[in-house]
Every structure is written in structure tokens, then in C-alpha cells.
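Written out below as C-alpha cells is the structure these notes cover.
In what follows, chains carry the letters A, B, and so on, assigned in the order in which the sequence lines appear, proteins first and then strands, with residues in each chain numbered from 1. A quick note: this is a predicted structure, and the numbers were derived from the prediction, not measured.
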Number of protein chains: 2
Amino acid sequence: MKITSQEEYGLRCLLQVAQLTVKNELASLEGIAKAEHMTTDYAAKLLSILRNANLIESVRGKSGGYKLSRLPSEIKLDEVIKVLSGELFEVNSCEQFPGNDDKCVHIDCCSIRSVWFSVSHILFALLKQVTLEDLLKKEDLLSKYLKKELILNL
Amino acid sequence: MKITSQEEYGLRCLLQVAQLTVKNELASLEGIAKAEHMTTDYAAKLLSILRNANLIESVRGKSGGYKLSRLPSEIKLDEVIKVLSGELFEVNSCEQFPGNDDKCVHIDCCSIRSVWFSVSHILFALLKQVTLEDLLKKEDLLSKYLKKELILNL
DNA sequence: GCTAATCTTGACTTTTTAGTCAAGATTAGG
DNA sequence: CCTAATCTTGACTAAAAAGTCAAGATTAGC
């Protein structure tokens, strides 16, 4: 249960694209990488994940670049995080942790599983309340908003 | 943002210890490993993490084993998860993701960071509401309890 | 059509996490 | 005091995640 590199840097790239999209410009790979102080190769890899998930679109060739597929207000963090690293705990795969067997010993009754399900559910309900548009705000503004709104709306 | 092996299997071992502790028995390494279908070596490693964090105590020598250091009702999941894998996002280390620099580009203002902080805060507040005693219940009972109580008490 | 600026892809290397192995320390009970 | 049943530890190997490299495809503008 940790924020992964792919989530963190993938989201940063997406936010760079969002910033230019609202100005009606395309974001170039090189521009994104420079802004985020990362290599273009790594940025390219992350952007390809975002593109394959239809969060962004790319235009190839000279004067090409990336733009959001939808409005920033229509892209919610729960979707972004699922694209970048999947669910916290996959509902149909307690098989992720089968011990040394094919099948988990606890398949019939597992109190741990029910905690993961609840936590995962609430977590993604939280993330669903935050959009890329929110993330384009300044930190102090967003921070206040999150404190006021996040839990209340669960 | 995924449940790690260490969290899952570590918690399973801890729960095995808890089951015997409430019966006033010591849990042996071999017993725990057999019950969870894992190797004794791996169980040993996880139990040593739990022991170093003072969640369990061990008795060496013949007729030795493990027991909880506290009552199951006094051990909360937020602590267990922190022991097994740390915070979701370390407050004092945006340095975890500095890009190709020493210092993160966004150190002064980072909307992403404020989301991680909020989410992490709520997540551990949730986990704090669940104790090992709760986890000793049957899945269906616990599941109902979680649905009713978890969010309400935030 | 050439060229330079762009995106695309898959194989590769490095780092981290997961899991194993083996040698050793402790102690109850005979 | 010996032995068998325990726990302990650190080094090692395997698997997964992170990040790099290199070759190639596309297209605007000359």
C-alpha cells in the first residue's frame, strides 16, 4: 500500500498535458519531460500507457504532441489510478495470494479480504471525487477544498 | 497503490498468532506456516518483522512460540500496516519522487501531494477503526460491521 | 521528395521486493 | 549434560517493477 512510481510520474505527465490542453496547445514529449525533470524515454513509456487507456490522444509528426481526450473536469482520479496501477485489491483474484497452493486456504471465509474490499471501495470513492481540473489548482486552494469536501460526500 | 505480499501474508501470520493467543496458547512457526500453506522460512521472516515492531513476542526453545504483545482489541490495523509496509505517502519525503534531480521540481507547490496527503490520512483513519479482534470474526459478520460503521465514524 | 521534429515500440538493464537457504542459538525434558 | 523442538539471522536467489536504449514510423514545412 504505497504510491508507486508509475502512479506518481504518470499523473505528473497527465497534468502537464492537461495544462496545455486547457490553453488549446499540444504538449510535446520533450516539453513534458523537461518540465518534470525526467527522461523523454520514461515519459514516453508513461504517456503510452495513458494513451492506450484513452485518457490522452497523440498527434504524430512535426508539430505533433499530446492532448487530453476529454475535458479536465471529466477525468477523475479513480480512473487515472486504475489505469496506472490497477485496483488496490482485485475483486476476482484472491488468487493473487494463494500461498504455496493453487487456491488460497481462506477462499471460503476470509476476514482480511472483507477489510481490503471495504477499504478499496472507500478509497476509490474518494478518488472519484477529484478531477484533473481540481489538480490544476494551486496546492493551498486544493488542500482546503479536499479537507472540506472529501469525506462529507462519501 | 496495491496490497503487497508482505502486508497480506504478514497479517495472516499475525492473525494466526492472535487465534492462539486468545486460547492462551503459543503459536509455533511450523503451525502458522502449515495453517497458511506457506514455507516456515517465509513465515519466520514475516514474524521477525512483527516481533521487531513489538506486535508479538516470542519464546525460544522447546515448547516456545509466538503470542501477541497486547490484546487483540488493542491492536489496530493502521499500526499493523505501517509496520508491514509504511505510509501510503511519506509526509517528510516528497524526496521519494525527485525525478532526475536531488529535489522535486514541485517542492514549492504540488497539488498531487495534497491529494496523497488527504487520501493517506483518511485511509489510515479507516484502518484505525479495525482491530485484530474484529478480524477474528467470520467474514460475513465483519463485512456487515464494516459497511455499517466504517465511514460513519470518520 | 527531403528533412527535421515529433511520436512508438519492444528489448534490455537496474533496482526493489519477494521468497529461500543454511547455519546457529535457546531451552524443556529426559 | 544431551537432544530434539523451537526461534534467529544474514546471505543468497528469483521475480517484479522501474527506468533506459535504440531503431523505427509519421508528418509539416520547405
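Considering A:Leu46, A:Leu84, A:Leu68 as possible partners of A:Leu14, the one that fulfils the side-chain contact (heavy atoms from CB on, under 4.5 Å) test is A:Leu68.
The side chain of A:Lys62 lies closest to D:dT27, out of D:dT27, D:dC7, D:dA5. Side-chain proximity of B:Tyr9 to the nucleotides D:dT20, D:dA5, C:dG19 is greatest for C:dG19. Listed nucleotides: D:dG19, D:dA25, C:dA22. Nearest to the side chain of A:Tyr42: D:dG19. Distance from the side chain of B:Lys45 is smallest to C:dA18 among C:dT8, C:dT6, C:dA18. Proximity note for A:Gln6 (side chain, C-beta onward) versus D:dA28, D:dA25, D:dA18: the nearest is D:dA18. Of the listed nucleotides (C:dA22, D:dG24, D:dT20), C:dA22 has the atom at the smallest distance from the side chain of B:Asp41.
At a threshold of 4.0 angstrom between heavy atoms, the contacts of A:Ala43 with the nucleic acid are absent.
The phosphate of C:dT8 has OP1 or OP2 within less than 4.0 Å of a side-chain N or O from A:Arg51.
The pair A:Arg70-A:Glu79 counts as a salt bridge, with a side-chain nitrogen and a carboxylate oxygen less than 4.0 angstrom apart.
When each of B:Thr4 and A:Ser28 is assigned the nucleotide of DNA chain C with its nearest heavy atom, A:Ser28 is the one assigned upstream, toward the 5' end. DNA chain C is contacted by both A:Ser48 and A:Gly64; A:Gly64 maps to the nucleotide lying nearer its 5′ end (nearest heavy atom per residue).
From B:Glu36, atom CD reaches atom CG of B:Leu11 across 9.5 Å, with rounding to the nearest 0.5 Å.
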Practice task
Start with the C-alpha gap between B:Glu7 and A:Lys2, add the side-chain angles, then the distance that decides, and say whether salt bridge (Lys or Arg N to Asp or Glu O under 4.0 Å) holds.
Solution key: CA-CA 11 Å; B:Glu7 285 166 325; A:Lys2 284 202 160 300; over 6 Å; no
